[in-house]
2 protein chains.
Amino acid sequence: MQTVTYQEAQLLHSQCCQAISDPTRICIVYALNECERNVTELAEYLQTPQSTVSRHLKELLNRGMVHSRRDGPAVIYSLTDDRIIQALDTMRAVLADLLRTRAQWVDIVS
Amino acid sequence: MQTVTYQEAQLLHSQCCQAISDPTRICIVYALNECERNVTELAEYLQTPQSTVSRHLKELLNRGMVHSRRDGPAVIYSLTDDRIIQALDTMRAVLADLLRTRAQWVDIVS
DNA sequence: TCCATGTTTCCGGCTACCCGGATACATGGA
DNA sequence: TCCATGTATCCGGGTAGCCGGAAACATGGA
């Protein structure tokens, strides 16, 4: 059984978090939580260039955050694990409370 | 009441996630979850240069992830919100399952 | 086999992030 | 007021990340 050092585990942990720390990737993850979509659909939905979306999906795939499957010429992506949304929502709640205590900008975030 | 656009909210969300996406900052957050500590204590505990720790703490403070209070010449830091740990643990669980399905490196992470 | 559709990769370039030693700054006691 | 302790900032420099147009690559139907 191969093992990793504590530092390597920490690095993997941070890479998972980094995967969902980019604004575009956050949008992609939430979009895939609604329903699975292919690259073009995501690009249109997010109003983002297709190459950009594809690049981010590659990152998410490498980190294991999403699955992909072919459907003819299209590639359909879907979320690997619901807990990714759970983690994002948790941080969003933390943020909402932060803003609340600072008494500003509450409406959109919460 | 001042509001933010959807894009700005997304950006804030990503900044919160980014705050806990650096390996060193993850270590700091977990260390502060055990007990509050000052900069020097953290630096020694994490075997990391004091200036580096201080810089990361500033980031975490700016993002509202930690509190600080003075105790004489020292500045003591503590976690703002337990849910930060919750989110980190969630992502760690996702990672652990990922590695499990890939059948390697399981022991340390889980 | 040729083409339409959809995807990935390449490219040049810019920005943001991270590092750690050294220096400057704050605090409270002698 | 001077000093010891602890903290924050400065600095130079390296690295990683992000961008979007363009070109190359897959796929399945005509």
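In what follows, every chain begins at residue 1, and chains take the letters A, B, ... in the order their sequences are listed.
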Please step through side chain to side chain contact (heavy atoms under 4.5 Å, CB included) for the pair L12(A) and L99(B), ending with a clear verdict.
CA-CA 10 Å; L12(A) 288 171; L99(B) 297 182; 4.2 Å; yes

Can you sort out which residues in residues 52-66 of chain B have a heavy atom within less than 4.0 Å of DNA chain D? Ascending by number, please.
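Those residues are S54(B), K58(B).
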
At a heavy-atom distance below 4.0 Å, what parts of residues 21-30 of chain B sit against DNA chain D?
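Nothing qualifies; none.
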
To the nearest Å, give me how far apart [atom1] ([X]) and [atom2] ([N]) are.
X	N	atom1	atom2	result
R37(A)	dT7(C)	CZ	P	13 Å
I20(A)	dG17(D)	CD1	P	16 Å
L42(A)	dG20(D)	CG	P	15 Å
E44(A)	dT5(C)	CD	P	13 Å
R69(B)	dG6(D)	CZ	C1'	15 Å
I76(A)	dG6(C)	CD1	P	12 Å
L46(A)	dC19(D)	CG	C1'	15 Å

Interatomic distance, [X] atom [atom1] to [Y] atom [atom2] [nearest 0.5 angstrom]:
X	Y	atom1	atom2	result
L11(B)	C16(B)	CG	SG	10.0 Å
H56(A)	S54(A)	NE2	OG	10.5 Å
L98(A)	M91(A)	CG	CE	8.5 Å

Residues forming a salt bridge (charged side-chain N to carboxylate O under 4.0 Å, His left out) with R55(A), sequence neighbours excluded
none

Please confirm whether the shortest side-chain N or O distance from Y77(B) to OP1 or OP2 of dA8(D) is below 4.0 Å.
yes

Suppose we screen for side-chain contact (heavy atoms from CB on, under 4.5 Å). Which residues come up paired with E44(A), at least two apart in sequence or across chains?
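Expected list: T40(A).
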
dA30(D) - base-pair partner by Watson-Crick or wobble geometry, distances under 3.5 Å:
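The answer is dT1(C), by the H-bond criterion.
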
Test of understanding: with side chain to side chain donor-acceptor pair (under 3.5 Å), list the residues that count as partners of Q47(A), not counting sequence neighbours.
none

Tell me the side-chain hydrogen bond (donor to acceptor under 3.5 Å, both in side chains) pairs involving [range], sequence neighbours left out?
range	value
residues 61-72 of chain B	E36(B)-R69(B)
residues 12-23 of chain B	S21(A)-S21(B), R92(A)-H13(B)
residues 79-91 of chain B	D97(A)-R83(B), Y30(B)-D89(B), D81(B)-R83(B)

Closest-nucleotide ordering on DNA chain D, the 5'-leading residue of A74(B) and T48(A)
A74(B)

Does the side chain of E34(B) come within less than 4.5 Å of Y45(B)'s, by heavy atoms?
yes

Going 5' to 3' along nucleotides 22-30 of chain C, which nucleotides have protein heavy atoms under 4.0 Å from the base (write B), which only from the sugar-phosphate (write S), and which from neither (write -)?
B---SBS--

